[in-house]
Number of protein chains: 2
Amino acid sequence: MNDCSTKPLDLAMLRLACQNCSLHELCLPVGIHQEDVARLDEIIRRKRPLARGDHVYRLGDEFRAVYAIRAGSVKTYAMTETGGEQIIGFYLPGEIIGLDAIHSGMHPSSAKSLETTSICEIPFSQLEELASAIPTLARQLVRIMSREIHSDDELLTLLGKKSAEERLASLLMSLSSRLQQRGFSAREFHLSMSRNDIGNYLGLAVETVSRLFTRFQQIGLVTVNNKHIRIDNLDALREMAGIVGGGACGEKIRTGST
Amino acid sequence: MNDCSTKPLDLAMLRLACQNCSLHELCLPVGIHQEDVARLDEIIRRKRPLARGDHVYRLGDEFRAVYAIRAGSVKTYAMTETGGEQIIGFYLPGEIIGLDAIHSGMHPSSAKSLETTSICEIPFSQLEELASAIPTLARQLVRIMSREIHSDDELLTLLGKKSAEERLASLLMSLSSRLQQRGFSAREFHLSMSRNDIGNYLGLAVETVSRLFTRFQQIGLVTVNNKHIRIDNLDALREMAGIVGGGACGEKIRTGST
DNA sequence: CGTTCAGTTGATGACCTTCAACTTGCGTGG
DNA sequence: CCACGCAAGTTGAAGGTCATCAACTGAACG
């Protein structure tokens, strides 16, 4: 596996490493000077792989760093007073978590590994320092946060308006396209989260999720085998998901103002 | 009314102006040098007040600026293929819109005035330039975006999990506390959006919203008079809203993993 | 080989949407 | 100034979607 904390000296190797590493967005596409890439690399701490169930951070922890996922997957969630989890997001390789903690200096959510997962820790004070020295880095950070806002907005739309069917289809489409962006298969992947997690995230009962998987399989949309899923009809699934992911039809406006 | 585009010379006046202006977050609390505040002020364009129904920007518009709301209110929404609106957020004085457009360079949503509204336009390329010259400004921008992510996450939780009752209670609590932060009354305010907008936003039918207002009034939570609302029992409303706003009990975990 | 927990499937019912009729508020024109 | 007409909001009845309760199956583990 590639390693973000390779000696900062060997730049060629570093670039290669970070291309498959989640941080490549933060450095490679913006034409940062080579020495700047090395500086960025210096502040990044590669942590030992996390086992399933390990926490990256917990609600209430002091905010010190953001984290990029290099391999595996993570769920973020808020705890409710009664001890229940409310899942806020699933994060895949190439994505950054902890951005919601910047403004208050404290993590408003927890992040837990869903499988064996390796992450890079990016101490935020150093990132900010570096960003003020490298404007393109600052820009890239703002751009990443903007995308996070936009994707939250999309999800928000999804949860506010869509039927159970549309929600699950949207989740699958989202996972599919995000995995594809990172060079994984768009049509066949592993669901690292439990049915319970999916239900929690989508605002549905576990039983509903289960029934939906069954129905999706019956109508030839997907083939499900426990945690393994293969998408057999991507177009139909996209259509079922509605606006999310672009290019949808057959959507059902239930409370629209038109 | 205070005016953000006052001559940048008179700094005392400027600070006073921006204190009541939505932009004070961007400059005042971070101890920016006086001349820097003036520079920030220079790039801000105060636009003429918008009438109800006017657009700040439309979906698909090229991204050139973010906008701070000085007075009035705005809704942001995405259009669905069939022409229906999906409302993403309601924005009040002191809040910034357009942040979701940064990463793609194009507005992924539209913003429409809900009443007579005045806004400040902040050209983004100039803001970025200025931010690279003034690190504290860059930090403040990142902080504001972080808060936007966090509040989206809260709303996301809300829509995914809560009953109609909890949703409306949460919206009212959110409006109340946001208005209070800006020096308005927390207990009595004007609902600038229609029932239709509220329903659309919360993922509920108009009729449901109407019934809920009626029920809330019957049990002494609020007094509603068309668009005017007075909150009579803030604690009970907070409790009904659940985790949002802190300090909730009687919550109902319907799909929790515990 | 039994225990345990995640996942599946079925039956019932609650909540909220939908459809429909009615009321209220408000701007326009007689 | 009042009357009309339309849009927004309210209220009632019926039906659908999804949660809940319960039983069962299958996989992982000691």
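Here the structure is a predicted model, which means the values were calculated and not measured.
Rounded to a whole Å, the CD atom of B/Glu166 is 14 Å from the P atom of D/dA19. We find that CG of B/Asn196 is positioned 11 Å from C1' of D/dA7, with the value rounded to whole Å. Rounded to whole Å, atom P of C/dA6 lies 16 Å from atom CZ of A/Phe213. Atom CG in B/Leu204 sits about 16 Å away from atom C1' in D/dG9, given to the nearest Å. One can place CE of B/Met193 at 16 Å from C1' of D/dA8, the figure rounded to the nearest angstrom. Spacing between atom NZ of B/Lys161 and atom P of D/dC18 amounts to 15 Å, rounded to whole angstrom units. The interatomic distance linking B/Lys162 (NZ) with D/dC18 (P) rounds to 21 Å, in whole Å. For the pair B/Leu212 CG and D/dT10 P, the interatomic distance rounds to 11 Å; values are reported in whole Å.
Considering only side-chain N and O atoms, B/Lys227 lies under 4.0 angstrom from the phosphate OP1 or OP2 of D/dG9. At least one side-chain nitrogen or oxygen of A/Thr208 sits closer than 4.0 Å to the OP1 or OP2 atom of D/dA19.
For the helix from C/dC1-D/dG30 to C/dG30-D/dC1, the angle separating the two terminal helix axes comes to 30°, with each axis derived from five pairs and the value rounded to 10°.
By the 4.0 Å N-to-carboxylate-O rule, A/Asp54 lies too far from A/Lys112 to be salt-bridged with it.
Counting atom types as modelled, B/Arg211 pairs a side-chain N or O with a base atom of D/dG12 as donor and acceptor under 3.5 Å. Taking only distance into account, the side chain of A/Glu165 never meets the base of D/dC18 through a donor-acceptor pair shorter than 3.5 Å.
Atoms NZ and CG, on B/Lys227 and B/Leu114 in that order, are 8.5 Å from each other to the nearest 0.5 Å.
The side chain of B/Thr214 lies closest to D/dT11, out of D/dC18, D/dG9, D/dT11. Each of D/dG9, C/dC16, C/dT18 was ranked by its minimum atom distance to the side chain of B/Ala205; first place goes to C/dT18.
Between the side chains of B/Glu62 and B/His107, no donor-acceptor pair is found at a separation under 3.5 Å.
Remark: side-chain polar atoms of A/Arg182 are paired, donor with acceptor, to backbone N or O of A/Gly94 under 3.5 angstrom. A/Ser146 places a side-chain N or O within 3.5 Å of a backbone atom of B/His103 that can act as its donor or acceptor partner. Side chain of A/Arg187 to backbone of A/Ile231: a donor-acceptor contact under 3.5 angstrom is found.
Comparing A/Ala164 and A/Glu207 against DNA chain D, the residue whose closest nucleotide sits nearer the 5' end is A/Ala164.
Scored by the side chain to side chain donor-acceptor pair (under 3.5 Å) test, A/Arg58 finds A/His55 as partners (sequence neighbours excluded).
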